[in-house]
Structures are given as structure tokens and as C-alpha cells.
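Taking it in order: structure first as C-alpha cells, then the write-up.
These values consider heavy atoms only, across backbone and side chains, with no hydrogens, waters or symmetry-generated copies. Read the numbers this way: they start at 1 and go in the same order the structure lists the ligands and their atoms. For this chain, numbers begin at 1 and follow the sequence in order. Note that the coordinates shown come from a computational prediction; the quantities given were computed from them, not determined experimentally.
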Amino acid sequence: EIEEEELRARTFMQIIDSRDATLSNKVTLASWAYASNLTEENLQYQLKVSAEAAKQIKEDWQEIIKYNWRVFDDGDLKRKFEKYSILGVSALPEEKYSKREKIISDMEAVYAKAKICDYKDQERCDLALEPEITRVFETSRDPEELKHAWVEWRKKTRIVRDLYKEYVDLSNEAARLNNFTDYTEMWLDDFESSDFRQQVQKLWEQLKPLYLQIHAYVRFQLRKKYGDIVSEKGPIPAHLLGNMWAQVWEHVEGFSQPFPGKVKLEATPEMVKQNYTPFKMFKLAEEFFVSLNLSAMPPLFWERSILEKPNDGRELVCHASAWDFYDGKDFRIKQCTQVNEGDLYTAHHEMGHIQYYLQYKHQPVIFRKGANSGFHEAVGDVMSLSVSTTKHLKKIGLLDSDFTEDPEVSINNLYKVGLDKIAFLPFGYLMDLWRWDVFSGKITPDEYNCKWWELREKYQGVEPPTNRSEEDFDPAAKYHIVANVPYIRYFVSFIIQFQFHRALCEKADQYDPNDPTKKLHECDIYQSAAAGNALANMLQMGSSKPWPEAMKELTGQPNMDAGALLEYFDPLLKWLKAENKKNGAFIGWESSNKKCS
Ligand SMILES: C=C(C[SeH])C(=O)N1CCC[C@H]1C(=O)O
Ligand SMILES: [Zn+2]
């Protein structure tokens, strides 16, 4: 009677799948409505729809667990039941479920609506994170102005500290109702690898020497520019690195290029000169995907996406995001796009999510996810690795027409990419190192902030511009913390995207380890259908198979491997080591003299 039960189970799964599609569409529409217009009415509607969905999911789950799915023959059917048998946060009793949903929505709204006063004009107090405060970090070279923005933003976002503690407790309660030890274990279940944390720790250890070199070089350059506020051997003051969270450092490139005096490697002036608009930026991104024989954006994408910040006075979540509405037709991006190079790469990043949605839209809903969440974050960045090459930027007319390649310019560009990709690694790691310990109880609420700064110093070698205390709650200054979005996916992405890039560059005949004229960091896969087809074959799998099988499908081997990133940046590592030696730059950092109490 196993066969008979398996037949019934197959029919039942089809019913569950279509029910899941309808429900997911409704929940996503309500969530989009609120995120795009943060009114009380839209919040109430989102909470109502979310509560109803949780109720329905719990009812379906009662049915699902009645099947003896562990002994089924059909692996595909088994995998569906295995995934549906984990109820998730819907396991919470209704009022606790809604309480937790409201807490997350409220924390996200605080972040989205937060405003600070202008350093130069204290009367003007309407500066939002995007675009105003972001622009200060990218353009100001006044340490006092940067410190003001850094401190004031954190004063406005730390007010969620008590909400966050409740969110942690409710999330752990939900995890335990799913037979996980805590919410950390529930998050990590996604990676389907029992030793995932060890794998990630080992990857960081392989990458740390490269990070130490770029950290030492950047600190040396910042000390030259800003003087003694940057110590010779201590951590780097976080407000001087061109980014609110010091997570990417490309905005210090202008005054720290390995070979100064070379042509500027920035596309922004050309974009402005050529009257680029956000729409044109996304059209350019689409054209890159189509050139690889991948899918164009469907009509609804252009009709329903929000590609620039609305100027009708509404409040909305500006943090860039890509949305799947689970009906095979409606896919959207919401991004408060500015016309600059960084946002052009973000546009490619977000469109990478949409491409993944399009490639797996034929899958049952339960498999319409990345092979793991790091895969989803990597797709768009793989495109940007090609787009950001000087040869590509020149090809699309975004570099000076009289631009000429030479080995020093190549190092300058590799350095610029490194200020994004290498600098990011410890931040991408420590975000969830902190949260894993918070959910597991190793970090208690009375030490939330000072443990955060311990990790920021230990892994990233940065320090706050002023002393901190437990009055502060600096993790909440970062979107993903208040929005309940895991982060280790980005650390994974920044490693595997180089494995994907290397595989695609070989397919595009743009890279050959034995041919010095086909270097990995100069590869541009543009217009290679061979590369695009190989990528599509992997993307179409969705999460229907464990991620090592998807990794093997594209790269020929099943593991995460730092080797591709190290190979890509090897010429830069050689240059940095020599330069740091020549400058007598201190490698690593001594403990900070800033206090947290
Ligand atoms: C662009 C997105 C939306 Se999925 C993002 O959150 N990213 C992309 C890179 C890292 C991380 C961040 O901004 O912190
Ligand atoms: Zn993303």
C-alpha cells in the first residue's frame, strides 16, 4: 500500500502547490503594497493577510505530516514533503505570530522613515538614508561631517532595541516549535549542510591574509589623507570608509589608487553626461542578460516596478529588493535608484534575482528558491564582474573614449573591485556571527552592542568614531538586522560568484589559466550564449536539488571554494604585499582605544 499512498501523495502535492501559489501571490501583493507605501492602512492589511495565510498554512501542514513520506520511492516527491513538513514561524500561536510580524514591520518602518539633520544646516532635518545620507558618505571628506552622520543615524535607529529583544524571543519560540534548538539552527537549515558553519569559518581563514593586506594599505592611505585620527596600527575609524556600515570601501578609491594620475575609472560622470535615467540603467542591465541568451524582463516588470524614489511625499522602504509574485508573470524590483555607477551594479544585482525567478518559474512553488540563498545573491553580481571591466565599460561608452588599457590601469581597476569584494568579506561574515550568538543566547541583551563592536574589531579591524555604550544599539543601523533578513548569504555569494564567473569565462573562451592574454579579472562574458546557456541550466533547477548538485552542474565540482576569488585577485595581492612592505605599513591591528561600556 506504499505505492497507493505515494500516488495519493502526488495528487495531494499538486493541490498543495496550487494553493501555495495563490496564497503566496496574495501575501506578496500585500507585502509589496506596504513596503511601497508605509501607511497604517497598508500595514493593517499586510498583517491581516499574513495572519490568514499562517492559519491556512498550519491547516495544510496538519494534512501533510499524515503522509509516511520518508519511505516514498520518488525522491522529488520526498523532497517536497520534507520541505513542507517544516512549518516555520506559522507554528506560533496566532497572537504571537501577529505580534512578531508587527514587531518586524515596526522596526523596518523606523529604519525606512528615519531622518537626520544636515551637518552644515542644522535647520534642515529631512535627510533620509537614501539618497541624502548615502551621498554624504560617498562624497564628504570632512571627518566631522562624516562623524555627525554616523552618530545621528544610529541615534535614530537604536530606538528599536526593546522591540528587537522581543523579536529574538518570539523567533526562538517559533524555532523550538519546529524542533530546532533556536532560530539560528532554523536559519542554517536552509543550507542543508551539517558542517556549514565550519565550512564558512574555513573560507574566512583562507581569505583573511588577502583582507589584511588591503586593510593595511587603505589605513596607510587614510592616514596620509586624514592624519592622526587614523592611527598607524589601530583599527580604521569606520566613518571614513565611504559607507554607512564600512561594508564596502570603493568610495575611498579616488584618493588611494595604486597608480594615481591614471585615467579615472569612474563611469558616473559619463552616465550623467549621457543623461542616463534609472529606467535606462535597468534597460542596460536587461540587455546584458539578453546578450547571454537569458530572458528579457516581462511586460509587467516595466509596468509595476518602482525604479526610482517616488516624489509624491510617501514613505517607503528604499532598500533595494526583487520580488516574485508566484504567478509566472508578475516580477518586480523596488529600488530608489540614483544615476551613478554603484547603483548600476545594484541594478544588475537585483535583476539577477529576477532572472533566477524567470528561469525557475516552471518549478513547483516549493522549489522556486535559490539552490541556497547565496546562489540567489550571486547571479547579478556575476554579471557585474563582467560589466565593471574596463573593456566592457569602454565598449558601452561609459569610460573616456580616449581610454587606453595598460598593466597599471588593470591593477587600479582590480583594486577598485577589491574595495568592494575583499573589503566586504569580514562584514558579510560577522553580521550573522553576531546574530547566531544572539539567537542562541551566547550574547545577552545587556551586551548586544559591546559584543557587536568586539566582532567589528576582531574580524573587520574597524572602530567607531566615538565611544559606544549599551544605550546604543548599532546593529539596528543596518537594514537586514531590523528586517529579519539573514546575511551569511552575501558572504557565500561573494565567494561562489567568483567560481561561477570562472566557469562562465571558460565557456565564453574569455579565460584560460594557461593563457596570460585571457586573465580572469579581465574577462567579460558579454554576448556569450554558451555562458548564458550553462548558467540557465543551473538556475532552472531552483532548489529542487541540494545546492552542491547545482554547484557541480555549473562548475563541475560540488564545493564552495575560495580559490576562484584568490586567483582573480592574485595580481592585486602581489602588488599590495610589495607596496605595504615598501611603505612599512603595519599588517593587522592592535586593540582600539575607543570604549564600549
Ligand atoms: C542589494 C541588496 C538587496 Se538583496 C543587499 O541587501 N545587498 C547587496 C550586497 C550586500 C547587501 C547589502 O546591501 O548589505
Ligand atoms: Zn540581493
Task: Test side-chain hydrogen bond (donor to acceptor under 3.5 Å, both in side chains) applied to Tyr526 - qualifying residues, sequence neighbours left out - done: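 Per chain and number, Tyr526 pairs via side-chain hydrogen bond (donor to acceptor under 3.5 Å, both in side chains) with Glu287.
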Note the single closest protein heavy atom to [atom], along with its residue, its atom name and the distance in Å.
{"atom": "atom 6 (O) of ligand 1", "result": "His319 NE2, 2.7 Å"}
{"atom": "atom 9 (C) of ligand 1", "result": "Tyr490 CD2, 4.1 Å"}
{"atom": "atom 2 (C) of ligand 1", "result": "Glu350 OE2, 3.6 Å"}

Is it true that the NZ or CZ of [X] lies under 6.0 Å from the centre of [Y]'s six-membered ring and within 45 degrees of the ring axis?
{"X": "Arg154", "Y": "Trp150", "answer": "yes"}
{"X": "Arg332", "Y": "Phe325", "answer": "yes"}
{"X": "Lys208", "Y": "Tyr211", "answer": "no"}

Open item on the list: I'd like to know if Tyr487 contacts ligand 1, where contact means a heavy-atom distance under 4.0 Å to any ligand atom.
Closed with: yes
Kindly say whether the aromatic ring centers of [X] and [Y] come within a distance under 6.0 Å.
{"X": "Tyr487", "Y": "Phe427", "result": "yes"}
{"X": "Tyr448", "Y": "Trp452", "result": "no"}
{"X": "Phe301", "Y": "Phe331", "result": "no"}

Give the atoms of ligand 1, by number and element, whose distance to some non-hydrogen atom of [X] is under 4.0 Å.
{"X": "Lys478", "result": "12 (C), 13 (O), 14 (O)"}
{"X": "His353", "result": "4 (Se)"}
{"X": "Ala320", "result": "3 (C)"}

TODO: Provide the protein N, O or S atoms situated under 2.8 Å from the Zn ion (ligand 2); waters are not included.
DONE: His349 NE2, His353 NE2, Glu377 OE1
Open item on the list: Can you classify the ring geometry of Tyr357 versus His376 as parallel (below 30°), tilted (30 to 60°) or perpendicular (above 60°)?
Closed with: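 Ring orientation of Tyr357 relative to His376: tilted.
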Task: Aromatic ring pairing Tyr429/Trp204, orientation class (parallel under 30°, perpendicular over 60°, tilted between) - done: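 Ring orientation of Tyr429 relative to Trp204: tilted.
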- [ ] Please report the C-alpha distance between Arg135 and Glu138 in whole Å, then the side-chain angles of each, then the deciding distance to 0.1 Å, and finally whether the salt bridge (Lys or Arg N to Asp or Glu O under 4.0 Å) criterion is met.
- [x] CA-CA 5 Å; Arg135 191 176 296 132; Glu138 291 177 355; over 6 Å; no
Open item on the list: Checking the N or O distance criterion of under 3.5 Å, is ligand 1 in contact with His480?
Closed with: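 N/O-N/O distance under 3.5 Å: yes.
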